Amino acid sequence: MAKDDVLTPQAVDFPRWYQDVLAKAELADNGPVRGTMVIRPYGYAIWERMQSQLDDRIKATGAQNAYFPLFIPESYFRREAEHVEGFSPELAVVTHGGGKKLEEPVVVRPTSETIIDSFLAKWVQSYRDLPLLVNQWANVVRWELRPRLFLRTTEFLWQEGHTAHATQEEAHRYALQILREVYEDFMVRVLAIPVVVGRKTERERFAGATTTWTAEAMMRDGKALQMGTSHELGQNFAKVFGISFSDESGQQAYAWQTSWGASTRLMGALIMAHGDDAGLRLPPSLAPVQAVVVAVRTEDGVGETAERLVAELRSAGLRAELDTRTQLSFGRRVVGWELKGVPIRVEMGPRDLAAGTAVLYRRDDGTKSPVALPSLVEEVKRLTEVAQASLLDQARQRLENCTVPAATLEEAVEAAQAGFAALPAALIEGGAGEDRLNTAGVTVRALQRPDGTLPGPDESLAGLVAVAARAY
RNA sequence: CGGGAAGUAGCGCAGCUUGGUUAGCGCGCAGCGUUCGGGACGCUGAGGCCGGGGGUUCAAAUCCCCCCUUCCCGACCA
């Protein structure tokens with residue numbers, strides 16, 4: 001009866017499993033140009049929920065959305081030395097337009113610091129104009145040598161925030177506010193993915209930033225994934241783009257800036273942090289379908305009851321869907337819903353109807369239980385909350401289990417084969433230690449204080465912990 | 001961009017070594033019937049520029065060259 005595996009098992013070949021899920025859960029396809037991606041409707045529905053949750057949090061920090069051009073004069077990139085050095089290798093450059101060679105090539109934005117800052121320079125005159133907080137939702141292009149759907153594509157979707165502040169302290173606080181109240185909160189409460197937040201090492205920080213803050217998550221194959229970053233840019237860009245203002249005493253001063261972003265890579269994280277051998281497991285907060293009512297049959301009132309249940313679930317505010325495709329076998333249908341990660345399945349058949357019950361299946365733990373019809377809506381509601389918490393718990397458990405202290409670089413390399421290695425950051429002072437890790441395919445993902453709190457921007461490595469891992 | 005593997009129906013594959021009539025198989029898809037509580041079964045049927053372009057040959061999915069794309073490992077990165 002049962003066929004072969006629905007998907008390549010994770011333990012057999014994790015990358016293959018990932019490919020299988022993308023295809024079978026109808027999330028995404030490769031585009032015809034290397035590194036490009038088609039996000040299919042089901043995948044995009046998940047992304048839209050991510051966007052909306054992030055957008056609310058971004059706006060709650062006071063930032064407003066705006067839109068800046070896709071094309072940026074190449075010369076803009078040359079103005080900030082580290083920035084141009086960091087991005088040159090991955091720029092897509094347009095040299096022709098309207099059938100003619102362009103006087104100055106234009107770059108397809110890989111990130112928008114340069115173009116946005118050139119406008120912030122016009123808009124900021126006085127300390128009264130500050131802080132100036134803008135965000136944009138956009139596509140960006142970074143020519144990738146080794147693309148992977150959602151994780152690293154040449155074109156991807158993201159939000160990028162760009163801000164200007166009167167003081168370094170305020171920029172610092174805002175960068176951390178984004179890290180904590182936007183990214184970490186979203187990742188934990190919505191994605192149900194626990195993250196390691198910390199500071200990036202000098203070599204891992206954003207090109208042109210003075211400090212980069214990061215939120216890193218652990219995937220089920222033991223590799224880490226950077227989920228979002230928040231940068232303090234100091235006055236580097238303000239000086240080259242002329243973002244200056246009169247302060248309260250009438251003195252001219254350069255603004256202090258931040259920038260921060262999170263991308264469609266979050267989709268990859270969602271898939272790889274929660275997915276199992278049966279497919280996706282979506283947290284109810286993001287699931288396009290939170291509960292599917294599967295009618296085993298449709299005759300003798302079963303179909304009508306199923307329909308009524310969907311209506312009740314919907315009027316209770318749940319995203320519910322009806323499945324009456326009885327021309328397909330029951331098994332095929334449930335396998336399909338499991339592939340797509342639907343958190344709760346309600347099974348309604350003649351036996352249930354006779355007993356006045358329905359069977360509830362939880363995708364997060366695979367358990368089934370009967371429920372009396374009158375309390376079905378309340379129970380489904382409750383289970384969506386339980387499932388949301390359960391996915392987070394499971395991910396937390398895995399994170400704890402695979403985070404191992406290491407006393408030496410060799411121990412760290414060893415521990416990083418299966419998760420996070422926590423080593424004394426003193427070991428990587430000077431760069432030789434990081435070289436050693438990098439040679440073994442391991443990178444320092446984040447620096448933290450021993451108690452897990454965030455270090456200061458300039459706090460020396462001596463007393464910190466470096467969290468290292470193999471990473472995507 | 002280096003090293004490996006691979007592109008044949010929507011998906012997974014055989015055929016290629018040793019060129020030779022209408023290019024196969026499984027799944028899926030369509031129709032009909034029997035089924036129906038964890039990927040049902042039978043019958044009938046549709047679906048292919050054999051990744052693209054050049055060559056060699058009487059003849060190319062098959063041999064040669066170039067390009068594109070995908071996957072794995074490395075260097076570079078959200």
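Heavy atoms only: backbone and side chains are in, while hydrogens, waters and symmetry mates are out. Keep in mind the model is a prediction, meaning the values are calculated, not measured. Lettering follows sequence order; numbering is per chain, from 1.
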Do the side chains of Asp277(A) and Arg220(A) get close enough for a salt bridge, i.e. N-O under 4.0 angstrom?
no
Heavy-atom nearest nucleotide on RNA chain B for Val335(A) versus Leu328(A): which residue maps closer to 5'?
Leu328(A)
Expressed as a whole number of angstroms, how long is the span from Trp337(A):CH2 to G39(B):C1'?
16 Å
Sugar-phosphate only, base, or nothing, as touched by Gly261(A) at under 4.0 Å among non-hydrogen atoms:
nothing
Rounded to whole Å, how long is the line connecting atom CG of Asp20(A) with atom P of U70(B)?
17 Å
Taking CZ from Arg332(A) and P from C41(B), how many angstroms apart are they, rounded to a whole number?
9 Å
From CZ (Phe156(A)) to CE (Met37(A)), nearest 0.5 Å
9.0 Å
Just to be sure I understand the rule, does Phe14(A) reach a base, reach only the sugar-phosphate, or reach nothing, if contact means heavy atoms closer than 4.0 Å?
nothing
Distance only, no hydrogens: is a donor on one side chain within 3.5 Å (strictly under) of an acceptor on the other, for Glu434(A) and Thr201(A)?
yes
Stepwise ring pair (Phe, Tyr, Trp, His ring centres under 6.0 Å) check, Phe237(A) with His83(A)
CA-CA 9 Å; Phe237(A) 289 88; His83(A) 196 60; 4.9 Å; yes
Pairwise P distance for C63(B) and U17(B), with rounding to whole Å
5 Å
If I take atom CD in residue Gln327(A) and atom P in nucleotide C41(B), what distance separates them, rounded to the nearest angstrom?
17 Å
Would you mind pulling out the nucleotide paired to U34(B), Watson-Crick or G-U wobble, both distances under 3.5 Å?
A40(B)
Any strand, both distances under 3.5 Å, Watson-Crick or G-U wobble: A61(B) pairs with none
Using the C1' atom on both, measure A46(B) against G31(B) and round to a whole Å.
10 Å
Please report the distance, rounded to the nearest Å, between CZ in Arg351(A) and C1' in G38(B).
12 Å
Just to be sure I understand the rule, does Gly35(A) reach a base, reach only the sugar-phosphate, or reach nothing, if contact means heavy atoms closer than 4.0 Å?
sugar-phosphate
Which nucleotide, in any strand shown, forms a Watson-Crick or G-U wobble pair with C1(B), with both distances under 3.5 Å?
G74(B)
What does A9(B) pair with, Watson-Crick or G-U, if both distances are under 3.5 Å?
none
Go through the side-chain N and O atoms of Asp221(A) and Trp17(A) and say whether any donor and acceptor fall under 3.5 Å apart.
no
Within the 4.0 Å heavy-atom criterion, would you say Val140(A) contacts the bases, only the backbone, or no part of the nucleic acid?
nothing
Across all strands shown, which nucleotide pairs with U56(B) by Watson-Crick or G-U wobble geometry, both distances under 3.5 Å?
none
Rounded to the nearest 0.5 Å, how far does CD1 of Ile39(A) lie from CG of Leu27(A)?
10.0 Å
Can you tell me how far P in G55(B) sits from the matching atom in C41(B), rounded to whole Å?
49 Å
Quote, to the nearest angstrom, the P distance that separates U62(B) from G52(B).
11 Å
With B for base contact, S for sugar-phosphate-only contact and - for none (protein heavy atoms under 4.0 Å), nucleotides 71-78 of chain B reads SSBBB-BB
Rounded to the nearest 0.5 Å, how far apart are CD of Glu347(A) and CZ of Phe330(A)?
3.5 Å
Pairing of Glu410(A) and Arg436(A) as salt bridge, 4.0 angstrom limit
yes
What is the nucleic acid contact for Thr111(A), judged by heavy atoms within less than 4.0 Å: base, sugar-phosphate only, or nothing?
nothing
Determine the interatomic distance between P on G19(B) and the same-named atom on C58(B); round to the nearest Å.
15 Å
Any-strand Watson-Crick or G-U partner of U21(B), both distances under 3.5 Å:
none
Think Arg363(A) forms a cation-pi with Tyr361(A), using NZ or CZ under 6.0 Å from the six-ring centre and within 45 degrees of its axis?
no
Between C16(B) and C50(B), how far is it from one C1' atom to the other, in whole Å?
11 Å
Protein-proximity profile, nucleotides 6-11 of chain B, B/S/- by nucleotide at the 4.0 Å heavy-atom cutoff, equals ------
Paired with G45(B) by Watson-Crick or G-U wobble geometry, both distances under 3.5 Å: which nucleotide is it?
C29(B)
Spacing of the P atoms in A40(B) and C27(B) (rounded, Å)
12 Å
Taking atom P in both C66(B) and A5(B), what distance in whole Å separates the two?
16 Å
Using a distance-only test with no angle check, is there a side-chain donor-acceptor pair under 3.5 angstrom linking Gln290(A) and Thr384(A)?
no
Is there a donor N/O on one and an acceptor N/O on the other, under 3.5 Å, for the side chain of Lys368(A) and the base of G37(B)?
no
Please report the shortest heavy-atom distance between Ala164(A) and Gln257(A), naming the atom on each side.
CA-CG, 4.1 Å
